[in-house]
Student: 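I'd like to ask you about the structure that follows.
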Amino acid sequence: MDFGFGSGDEGFRAEARAWLVGHLVGAFAELAGRGGPGSEHEGAEERRAWERELGAGGWIGLGWEGAAGAYGNRTASLTQQVVWAEEYARARAPGRVGHIGENLLAPTLLAYGDEAQRRRFLPAIARGEELWCQGYSEPDAGSDLAGLRTVAVRDGAGYRVSGQKIWTSLAGEADWCFVLARTDPAGRRHRGLSFLLVAMDQPGRIEVRPIRQMSGTAEFNEVFFDGAVAGHVVGGEGSGWRVAMGLLARERGVSTLVQQIGFAAELAEVVGEAVRCGALRDPVLRDQLVRQWAELKVMRWNALRTLGAAGDAGAPSVAKLLWGGWHQRLGELAMRVRGAAAALGPADWTAQAPYELDALQRLFLFTRADTLYGGSDEIQRNIIAERVLGLPRAERI
């Protein structure tokens, strides 16, 4: 299989690289490497300004199928999208605060939304002016998304939303939230759900509570809706499950490839630590590091193999199982390389920063969640068993 890029792709790479070099300067240069897993809270306002910079350059929305630059975004082939993602990661550009709107909501609106919704929301996302968060998980409906209890009641031309969402990234910074809610109280499980677009600036009707972690940071939030107004439903009332599953299927492809570039940088850091502390002399640890490297190569080839493929019901679940387990093992390996020193923080304890961590310690703690968020491993295996292998469906209450 040939995974090479053509001459047009390399020209696009040179353009992307030059743009990043010319714009990651001044205050933006200080954002290098910030906003990744475990540090999504860092520099939120500065990264929002960076989002607008990307929008002005036309770099938001490269993968919007059928948009063809209609909303201020550049036109780019699938391989050119991969090129941009690679160059962005290699430049150590800041973690995106607009990725939920760009990579999840926008493709969903292009597939299921109406023209009025596309014209209202896509240009603002492409300019980097409006940020989004995702209202799926609930305290009693995480991986079992069909068990959600948030309700939406008809109110004139729109809906009133009441309920609670949890583990909502960027809820404190987001302007909008796409919310999965039950609009038909008689519907069971995945029936009677709708995909609603809710403005977050509704004082007294929406409350965001940061979830403070043991590290002292708060990457996630609880969101409480108390009669919040939702003026847009995507795909029609009662089609929420179909739209929501269509959205989740888009969490692969190019985004998976750029994720793996970040993984490679983390692996290099772990290997570097093993060299510095002498752990590389341990044949068991050395074998584990080589295995991590080989598995990362396999994941890249698999992502390239499935890039742009349609109709493969198991591909997103296979990808999630592969990278979730791999990343979690890398975090564990980072601590084994450190040995007893892994228990020591980089600074003395203070009331303001009671659990200050270095990059590898954050990697270890963050990766404990990799096999849970975005659909647990158990759910992914059920999807593969039922939709790909045709095994009997698990009994659900």
Side-chain angles (χ1 to χ4, degrees), residues 1-37 47 49-104 106-107 110 122 125-128 250-269 271 293 296-309 319 323:
M1 303 175 74
D2 182 10
F3 296 133
F5 297 100
S7 58
D9 298 327
E10 294 309 323
F12 189 82
R13 185 185 301 279
E15 181 186 1
R17 187 174 295 175
W19 190 91
L20 287 165
V21 169
H23 288 76
L24 276 172
V25 296
F28 292 144
E30 299 175 8
L31 297 174
R34 299 177 68 185
R47 286 159 57 207
W50 171 246
E51 205 71 23
R52 293 191 292 271
E53 188 80 1
L54 288 171
W59 294 106
I60 298 176
L62 300 183
W64 293 354
E65 295 180 12
Y71 303 104
N73 55 315
R74 293 172 182 245
T75 300
S77 67
L78 199 56
T79 51
Q80 287 171 342
Q81 294 168 42
V82 175
V83 165
W84 166 252
E86 288 180 339
E87 292 306 316
Y88 192 90
R90 289 189 178 119
R92 299 190 72 241
R96 295 285 308 282
V97 291
H99 66 96
I100 294 176
E102 178 188 11
N103 297 323
L104 297 183
L110 288 167
L122 295 185
I125 295 173
R127 293 191 300 266
R250 286 164 173 77
E251 293 186 273
R252 58 172 174 142
V254 174
S255 61
T256 301
L257 286 166
V258 68
Q259 178 188 55
Q260 291 168 9
I261 297 170
F263 287 172
E266 291 172 342
L267 176 58
E269 189 171 353
V271 171
W293 175 85
L296 184 58
K297 290 292 185 182
V298 171
M299 284 197 295
R300 174 173 173 78
W301 292 331
N302 181 66
L304 287 165
R305 179 183 64 85
T306 60
L307 194 62
W323 70 253

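Treat the numbers as computed from the prediction; the structure is a model and nothing was measured. In this chain, residues are counted from 1 in sequence order.
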Student: Quick one: NE2 on His23 to CD on Glu53, what's the gap to the nearest 0.5 Å?
Tutor: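 The CD atom of Glu53 is 5.0 Å from NE2 of His23, to the nearest 0.5 Å.
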Student: Under 30°, 30 to 60°, or over 60°: which ring-plane class applies to Trp84 and Trp59, parallel, tilted or perpendicular?
Tutor: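 The rings of Trp84 and Trp59 lie parallel, inter-plane angle below 30°.
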Student: For Asp9, does its backbone N or O pair with a side-chain atom of Gln80 as donor and acceptor, under 3.5 Å?
Tutor: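 No: the side chain of Gln80 does not pair with the backbone of Asp9.
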Student: What pair of heavy atoms forms the shortest contact from Glu102 to Trp64, and how long is it?
Tutor: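 Nearest pair, atom of Glu102 first, then Trp64: O-NE1, 2.9 Å.
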Student: Minimum heavy-atom separation for Arg300 and Glu86, please, with both atom names.
Tutor: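 Arg300 and Glu86 have their closest heavy atoms at NH2-OE2, 3.0 Å.
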Student: Are more than 12 heavy atoms, taken from residues, nucleotides or ligands other than Arg92, located less than 6.0 Å from that residue's CZ atom?
Tutor: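 No, not enclosed.
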Student: Distance-only, no hydrogens or angles: does the Arg47 side chain make a donor-acceptor pair with backbone N or O of Leu31 under 3.5 Å?
Tutor: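 A pair under 3.5 Å: no.
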Student: Which heavy-atom pair separates Leu24 from Pro94 by the least distance, and what is that distance?
Tutor: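 Minimum heavy-atom separation between Leu24 and Pro94: CD2-CD, 3.9 Å.
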Student: For Phe12 and Gln81, run side chain to side chain contact (heavy atoms under 4.5 Å, CB included): C-alpha distance rounded to whole Å, both residues' side-chain angles, the deciding distance at 0.1 Å, then the answer.
Tutor: CA-CA 10 Å; Phe12 189 82; Gln81 294 168 42; over 6 Å; no
Student: Measure across Leu62 and Arg74 and return the closest heavy-atom pair with its distance rounded to 0.1 Å.
Tutor: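 Leu62 and Arg74 have their closest heavy atoms at CD2-CB, 3.6 Å.
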Student: Once you round to the nearest 0.5 Å, how far does CD of Gln260 lie from CD of Glu266?
Tutor: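 The CD atom of Glu266 is 12.0 Å from CD of Gln260, to the nearest 0.5 Å.
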Student: Using the side chain to side chain contact (heavy atoms under 4.5 Å, CB included) rule, take Arg96 and Asn103 through it: C-alpha gap first, then chi angles, then the decisive distance, then the call.
Tutor: CA-CA 11 Å; Arg96 295 285 308 282; Asn103 297 323; 5.7 Å; no
Student: Is the side chain of Trp323 donor-acceptor paired with the backbone N or O of Leu296 at a distance under 3.5 Å, no angle test?
Tutor: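 Not a single qualifying donor-acceptor pair exists.
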Student: Are the side chain of Tyr88 and the backbone N or O of Val83 linked by a donor-acceptor pair below 3.5 Å?
Tutor: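 Such a contact is absent between Tyr88 side chain and Val83 backbone.
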Student: Using the rule given for side chain to side chain contact (heavy atoms under 4.5 Å, CB included), can you reason through Leu20 versus Arg90, listing the C-alpha separation, both sets of side-chain angles and the distance that settles it, and then say yes or no?
Tutor: CA-CA 10 Å; Leu20 287 165; Arg90 289 189 178 119; over 6 Å; no
